[in-house]
Amino acid sequence: MAKTFTFEIITPERVVYSEHVQSVSADGTEGSFGVLADHAPLITGLKTGILTVRDSNNKTIRFAIDGGFFEVMANNVVVLTDACVTEGEIDVEKVRAEKVLAEKTLSSGESAEEKQKAQAALRRANTWLGLVNK
Amino acid sequence: MQSTREIKQRIRSITSIKQITRAMEMVAASRLKRVESRVLASRAYTEKMHMVLSHLVSSVEGTHPWFTEKEQKVPIVTVLLITADKGLCGAYNNNIIQKTLRFIRAQTDKKVKLILIGRKGYLYFSKGEYAHMIEKYVPESVEKIGYSQVQELAVQLIKGYEESEFGELQVFFTKFHTVMQSFATSMRLLPIERDIFESKEQPGGEYIFEPSAAQILNNLFPKFIETRLYQCLLESLTSEYAARRVAMIAATENAGEMIDELVSSYNKARQSAITKELLEVVSGAEALVHR
């Protein structure tokens, strides 16, 4: 069996995932990357996107994450993110509603600040939906 | 001595008070349980972020504007006070308000601005001599404030700091320890003290940073402030419920004791009324016999 390492996804609200895994791949701010056991120490930013994990039973688990940071340190990998959901948790209807709202704000929004916020919300909603639709 | 009727009435009213305090205790207990798990989860996040930052800071050369002491140049302190919305939680509100007051009084050479979360703190400061200091009051109930609202507040605060509206940011909150124990605490949020990042463990080897370490630091610092602020809020909320629960347990117990006392004095009153009546009957009968 392939060598494993500890992997955690933590949001301010909860510890989403904490297991031994074989590999993790994610969208970094500088491009996609993958991490296996014994990776060199690394700290990088993450984009809003999908993170894929292969756990110790060779099962693939996908998470949608909303930006954040990724640290590799001596076979301990930690993801810190604002929000994270797994496939089973997504409330599609709610996300769709959020998406519609964000699109509306984007087209009619007043301030640049509002538009920026809506943009972020839209990106998140799209990622969330992308996780379900594959 | 009170009449049996009066005592009975008091027993009834205290029994209903006891029921109320008991219900409040149970409500506080269930809320405490919920928020306790949140505070623990958030602690994990804060600690991890602290760890990542420690690694990062030790690998970055030079300093960051958020480390430098702006307070000398801008003699304005912003005090963020977190209290409860409601009372009936023992000394919880009073402790943190007194601590804040001491701090404000000590700032003789600086201007103080107040940001208040929680209605009790607002009620206290809006009436006293410090009313003019209130800069902002967050009217939402503490319980309902979520991470995104904290984020917004943090963004505003960071902007204020960067534009030199104030030189220092202190948060006054109540740190949760156990249900019986929590501490009124203050923490400096900005500028960040570099010392807190002195990592005990040596990073095993050089990090790869993508993008550069300085850039990650720039992105991570606002997050760090947000997280710490959120943590303060959760700690306070947990302490509040714990304090309320303890206060309500004590109140329920006191009510119980009082009922016991009243029942015994009710019995005594009843007994003496019976005795008195008996005496009257007996002495009436005796008078008839001896006539």
Side-chain angles (χ1 to χ4, degrees), chain A residues 5-18 26-35 37-48 65-85 98 101-102 111-114 116-118 120-121 124, chain B residues 34-35 37-60 146-152 154-156 159 199 201-224 226-231 233-234:
Chain A
F5 55 96
T6 58
F7 177 66
E8 285 178 293
I9 303 179
I10 304 177
T11 73
E13 258 122 35
R14 66 201 171 117
V15 177
V16 181
Y17 186 80
S18 175
D27 288 335
T29 47
E30 311 292 293
S32 305
F33 63 95
V35 168
D38 296 327
H39 193 285
L42 163 80
I43 297 180
T44 183
L46 290 175
K47 281 199 284 202
T48 300
I65 56 166
D66 186 14
F69 296 89
F70 192 99
E71 188 201 40
V72 186
M73 174 76 225
N75 275 334
N76 282 304
V77 176
V78 178
V79 169
L80 296 173
T81 176
D82 283 356
C84 170
V85 287
E98 273 168 23
L101 188 73
S111 62
E113 203 178 314
E114 245 174 61
Q116 210 175 2
K117 237 175 164 177
R124 186 173 58 226
Chain B
R34 222 177 326 149
V35 77
S37 58
R38 263 171 80 195
V39 82
L40 292 180
S42 157
R43 256 186 209 171
Y45 185 83
T46 317
E47 272 161 27
K48 275 278 155 37
M49 179 162 280
H50 194 232
M51 207 181 76
V52 173
L53 268 172
S54 305
H55 294 161
L56 202 58
V57 167
S58 55
S59 351
V60 177
Y147 188 70
S148 55
Q149 271 151 303
V150 172
Q151 226 166 357
E152 257 167 55
V155 168
Q156 280 173 23
K159 204 171 146 220
S199 61
E201 34 163 348
Q202 276 297 310
E206 288 288 292
Y207 272 99
I208 306 166
F209 292 107
E210 279 177 22
S212 71
Q215 216 167 340
I216 296 181
L217 201 60
N218 274 341
N219 293 337
L220 206 52
F221 261 158
K223 279 266 169 304
F224 183 59
E226 275 165 25
T227 327
R228 283 186 111 187
L229 196 58
Y230 185 62
Q231 179 71 24
L233 198 79
L234 284 185

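Chain letters run A, B, ... following the sequence lines, proteins first, then strands; residues in each count from 1.
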Using distance only, find each side-chain donor-acceptor pair of residues 217-224 of chain B under 3.5 Å and give its atom names and separation, not counting sequence neighbours.
from	atom 1	to	atom 2	distance (Å)
Asn218(B)	OD1	His64(B)	NE2	2.8
Lys223(B)	NZ	Asp82(A)	OD2	3.4

Q. Would Tyr230(B) and Glu13(A) count as having a side-chain donor-acceptor pair, cut-off 3.5 Å?
A. yes
Q. Glu47(B) versus chain A, heavy atoms under 4.5 Å apart: side chain, backbone, both or neither?
A. neither
**Q.** Heavy-atom contact with chain B under 4.5 Å, split by part of Thr81(A)
**A.** backbone
Q: Output the option from Leu42(A), Ile10(A), Ile43(A), Val78(A) having the highest count of non-hydrogen pairs under 4.5 Å with chain B.
A: Ile43(A)
Q: Apply salt bridge (Lys or Arg N to Asp or Glu O under 4.0 Å) to Glu8(A) and list each qualifying residue two or more places apart in sequence or on a separate chain.
A: Lys48(B)
**Q.** Under 3.5 Å donor-acceptor, Asn75(A) side chain and Asp38(A) backbone
**A.** yes
Q: Tell me, for Gln215(B) versus chain A, whether the close heavy atoms (under 4.5 Å) come from the side chain, the backbone, both or neither.
A: neither
